[in-house]
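Naming: A, B, ... by sequence-line order, numbering from 1 per chain.
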Amino acid sequence: MTPMIDVVFQLLIFFLCTASFQMAEQSLATTLPPTGAATYSPPKEIQELELIRIDLRQRDRNLLIRLNGNPCSSVNELRDRLRQLLTLAELPAVLDVSSEVEIGHVVTVYDTCLNLGLKNIHFAAPER
Amino acid sequence: MVSGEWPSVVTKSITLFVLTAAVSCGGDRMAHAHHSPFTSHCLLLSLVQQPSDSVDPDQAFLDALRERKLFRLLETYCRKQLARSDATPVERARYTIELANILAARAQVETVTVARAELWQQASALLRGFLESNPQHPQAAALQFQLGVYELAQGELARQHTKLAPQNKELIDSARSRLQAAVQSFRRVESDATEAMKKRSPGDGAAGDQPTHNQLRALTNNTRYRLGQALLALAQTYPRHSADQTDAASRAKTFFEAFTQRYSPNELTLESYLGRAECLRLLGDAPEATKTLGELRKGTPPPPDKYLDRSLVIQAQLQLDQKKPAAARNFIDDSRKLLKSPIPELDLLYVQAMLELAREQSKGQANLVARQLVASALAEMDRIEKEHGVFWVSRCELLLAELAAENVLVEDPSVLVRMADGQFRRGDRAGTVRTLDRAVKLARERGDENQTVEMAFRAASIMVQDRQFEEAAGRFSEISTTYAKHSKAALAQFMVAHCLGQAYAADRSTERLTRYEQSLEQHLRAFGNHETAGEVRWLLGSLRTNQRRWNDAIDLFAGIPQSSKRFAAARQEIRRTYESWLGELWARGQPDEKVATGAIQFLKQSLAARRGSPFTTDDVAMALTLSRILTHPSVARHEESEELLEQVLFGEAANELERGEARRLTVTALLGQDKFDAARRMIETEFVGVPQELFAVVQSLEDTAGRSSETRRRQVGKLQLVATERLVKEGEQLTREQILQAEIYLALAYVNAGEANRADELFSKMRDRVPNSPRVLEAQAECFMQLGRFAQARELWRQLLGIVRENTQPWYRAKYNLALACYHSGDAPQCLKIILITEQLHPELGGAELKAKFEQLKSKCQNP
């Protein structure tokens, strides 16, 4: 019996050591580029198209979204417009988030972009 | 509040009232026999200067300037004398008084209230300042007296003001304070002069600068007289029969009585009789007042007419005070027959008498008689307005307003109209409109259409002046619809449009614009043949031009008749509209044949009318526009253009700018006819020392080259080289920006002339000198496009997109050209992607012209 118990304990210890309960915190890029330093340079064909620029601002409790300068009334509208764009090409996106915007809104927009299949999502460096 | 502009007749009447009395030493010993400075100071109290017997050249000079009313010169001269450090005290006093008198004289002819008040203040401040710094000056009394006279004049003027605004407490208080200040001044003078007289004996002669006993006595007498005047004027500012009035009038009477113990024909005595009579009237002692006037009239020798006239006024006033309007009216009627010229006060009292009578009659229910009396009063008021002016008729209107306030006889529209006139003159616009509305209601009840429309129109016009445009528009609209057949209906409708236009100008909302447009259209529908239709067409045409509805605009401008003052301007507007329209079509690459034909026809017709005569300025503008159209590639009638331009250049009407434009167009016309040698000669000879014109020519050549075939482009390119090399050589006259642009043109010229290598070198130098210049990049990219080097062009357009700001015209142009370069490079899918993504993110696509180009390119990509 004793060897069986030993084996069981060994297995237990093994699984305890190898099990992970937390997802790696890699989904959200938390390291912002230093101010002024260009860390992303898209290929020329993509440069010819356009960067998707999503501006987020907050006034009182309302989130104000602009897509390349054009206002969007809600995250749903943003999603629809992004979906149409992404049928044309895989474009990089830059999120320009103002400091007063709540993190919840930022994550919502980010998730929206991710769900649509946007792969290159960058955060604009804050202005000095 | 009374309007700022005061009729000069009032200021003159006050002048006569206040300042006519010369110094008198109780009778006939006039001080002007003496030539001392003190005496001349007293004489200066009157504006009517006695000719001086003095041989003093300085005094003669001053008198001569004064006679010619050269007040500014007088003022300058006196100030210069006062500024002298060696001026004696006597001279200082003299010039101070002289300067003060000049300022007072200017004040009396000044009609602008603010300027007048300032002049009075300067005059008073001058004297006050002198007295404060020289209290023991021998002439201090005369100066103090003069100060009193100014205060009295100002107070009297203010008192006259209050006659038009009897409820204006501020004005009344201002008048009273001035008059009280005058009284204080005169009292001080009286006391000082009396004290000084005690130190002198009657037989004393002049002692240096000190006044003689006689002179002091003259001053004292005059001061007392002035005190009487000031107190009388003060009494007249208080309510009738009030304690203050009684007190002031009593005191004034005491002063006047000193001069009426014995009749004498001198001014001071005669004025005192009148003053006393007026005081007695204010005190309610009619018999005594009548007696005083009787003494005046019976005096030997008889007094001059002006005093008799004024006594009539007081007599009539007495009768009115005793509630005898009929007697007053009859008295005035009889008196007027004897007068040599009409007296405004008497005429005013006549109106008052008639209105009093009307009031009595209406109380006795004899309304017909009362109405007739009011009608006569109105006729009399018309006459007063013509003969005596606005001031007197305004006072009559106040009497009418009092009648209306008691609701007596206000059911007559003509009475209401008169009242409204008075209210308007007093600045009470809201009251005027209310009164006119009452008149309209009455006229409507009586079925008098003309009067109804007239009054309603006037009321609405006043609202326009008050900038109540919306309400005024409503009123005018009501007039034009209710009285559509009336002669003023068209004008009323025009005013609706005018008001709505003004309302739109104040607040440019869509709703207001729509209403404005609709009113203009409504006017043309209903009154298309009326004389106002021309103006309405102009307004609507201008609106259509702003809306870019070119065809409608042209039709409207063309409908303006020759008789309209807008006719000539409308022709020019048609020209400009055609030009804008064609410009839009050409930029979009849309068909223009019909419009161009219409434009050419119109312009030729306009110029045909001038056949045989030299061009005028308007014709030059027409000719240049026609030339621009004729030389456009889609029209290409270069020979006609050349002939036309010759007329412009050989004529006299064109200015330098127009000549430059004509020369530029001539080069284009020559090129259009392939007359390259002629064009070269013209460039070499005509455009010397005018780099700005050469710029324009170079631009034209570039445009021409851009549209030409390969062979033709080379020839044009050679010409371009000639022009741009000269332009670059004249670099010292150009700014840095212009030099850069000239070099760009030169590079483009090299490309057109087939010397692409030289163009590359030049671009390379420019990019080293000004790296990342969007203009250079754009020009080079366009060159690459022209040379078919699309890959290089693509690279440059891509760089340019990174430099220029998003959503600007250069950015959209670069986007379009990038897509075009991709297409020509065989990468149609990329081209399509660029267009579709740009469309998604920027729906406006840089405006209508660029949008059309994007659409064209997109359809090429989608349908190869």
Side-chain angles (χ1 to χ4, degrees), chain A residues 33 36-57 64-96 98 109 112-113 116-122 124-125 127, chain B residues 772 777 781 784-785 790-847 850-851 854 857-858 861-862:
Chain A
T39 56
Y40 173 66
S41 184
K44 286 187 179 173
E45 291 73 26
I46 301 296
Q47 277 180 35
E48 284 175 358
L49 298 175
E50 205 159 336
L51 276 182
I52 295 175
R53 207 180 61 250
I54 304 172
D55 296 322
L56 299 179
R57 302 277 178 271
L64 304 171
I65 308 171
R66 291 182 97 87
L67 176 64
N68 284 70
N70 297 312
C72 295
S73 56
S74 63
V75 176
N76 290 335
E77 189 188 332
L78 174 68
R79 181 175 41 241
D80 293 337
R81 287 169 74 176
L82 286 175
R83 188 176 291 129
Q84 281 178 340
L85 276 169
L86 292 170
T87 55
L88 297 168
E90 210 176 281
L91 301 170
V94 174
L95 284 175
D96 186 358
S98 180
V109 170
T112 305
C113 296
L116 285 169
L118 268 169
K119 295 204 172 60
N120 281 316
I121 307 172
H122 305 267
E127 285 179 28
Chain B
N772 289 336
L777 278 174
F784 284 148
M785 296 287 281
F790 297 113
Q792 286 172 292
R794 191 170 163 176
E795 176 63 36
L796 284 181
W797 290 122
R798 196 185 305 128
Q799 283 182 35
L800 194 56
L801 280 171
I803 295 170
V804 296
R805 213 144 68 110
E806 208 176 292
N807 280 334
T808 57
Q809 280 300 105
W811 187 84
Y812 283 111
R813 275 202 307 273
K815 232 357 160 176
Y816 169 75
N817 282 301
L818 175 64
L820 192 63
C822 292
Y823 177 78
H824 285 301
S825 309
D827 195 354
Q830 180 71 351
C831 169
L832 190 58
K833 271 191 206 171
I834 291 170
I835 295 172
L836 290 172
I837 290 173
T838 311
E839 222 173 33
Q840 280 284 321
L841 291 172
H842 310 280
E844 70 281 2
L845 286 177
L850 270 173
K851 195 168 182 175
F854 272 112
L857 188 55
K858 186 167 91 173
C861 292
Q862 285 170 336

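Across all non-hydrogen atoms, the minimal contact from N807(B) to N68(A) is ND2-O, 4.4 Å.
Only the side chain of L818(B) comes within less than 4.5 Å of a heavy atom in chain A; its backbone stays farther off. For N70(A), the part lying under 4.5 angstrom from a heavy atom of chain B is the side chain only. Residue I52(A): no heavy atom, backbone or side chain, is found under 4.5 Å from chain B.
One finds the CD atom of Q840(B) at 10.5 Å from the CG atom of L91(A) (value rounded to the nearest 0.5 Å).
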Quiz item: Do Q830(B) and L49(A) pass the side-chain contact (heavy atoms from CB on, under 4.5 Å) test, and can you show the C-alpha distance, the side-chain angles, and the key distance before you say yes or no?
Solution: CA-CA 8 Å; Q830(B) 180 71 351; L49(A) 298 175; 4.0 Å; yes

Quiz item: Stepwise, does the salt bridge (charged side-chain N to carboxylate O under 4.0 Å, His left out) test hold for E48(A) with K833(B)?
Solution: CA-CA 9 Å; E48(A) 284 175 358; K833(B) 271 191 206 171; over 6 Å; no

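Annotation: side chain of L841(B) is not in contact with side chain of R81(A) (no heavy-atom distance under 4.5 Å).
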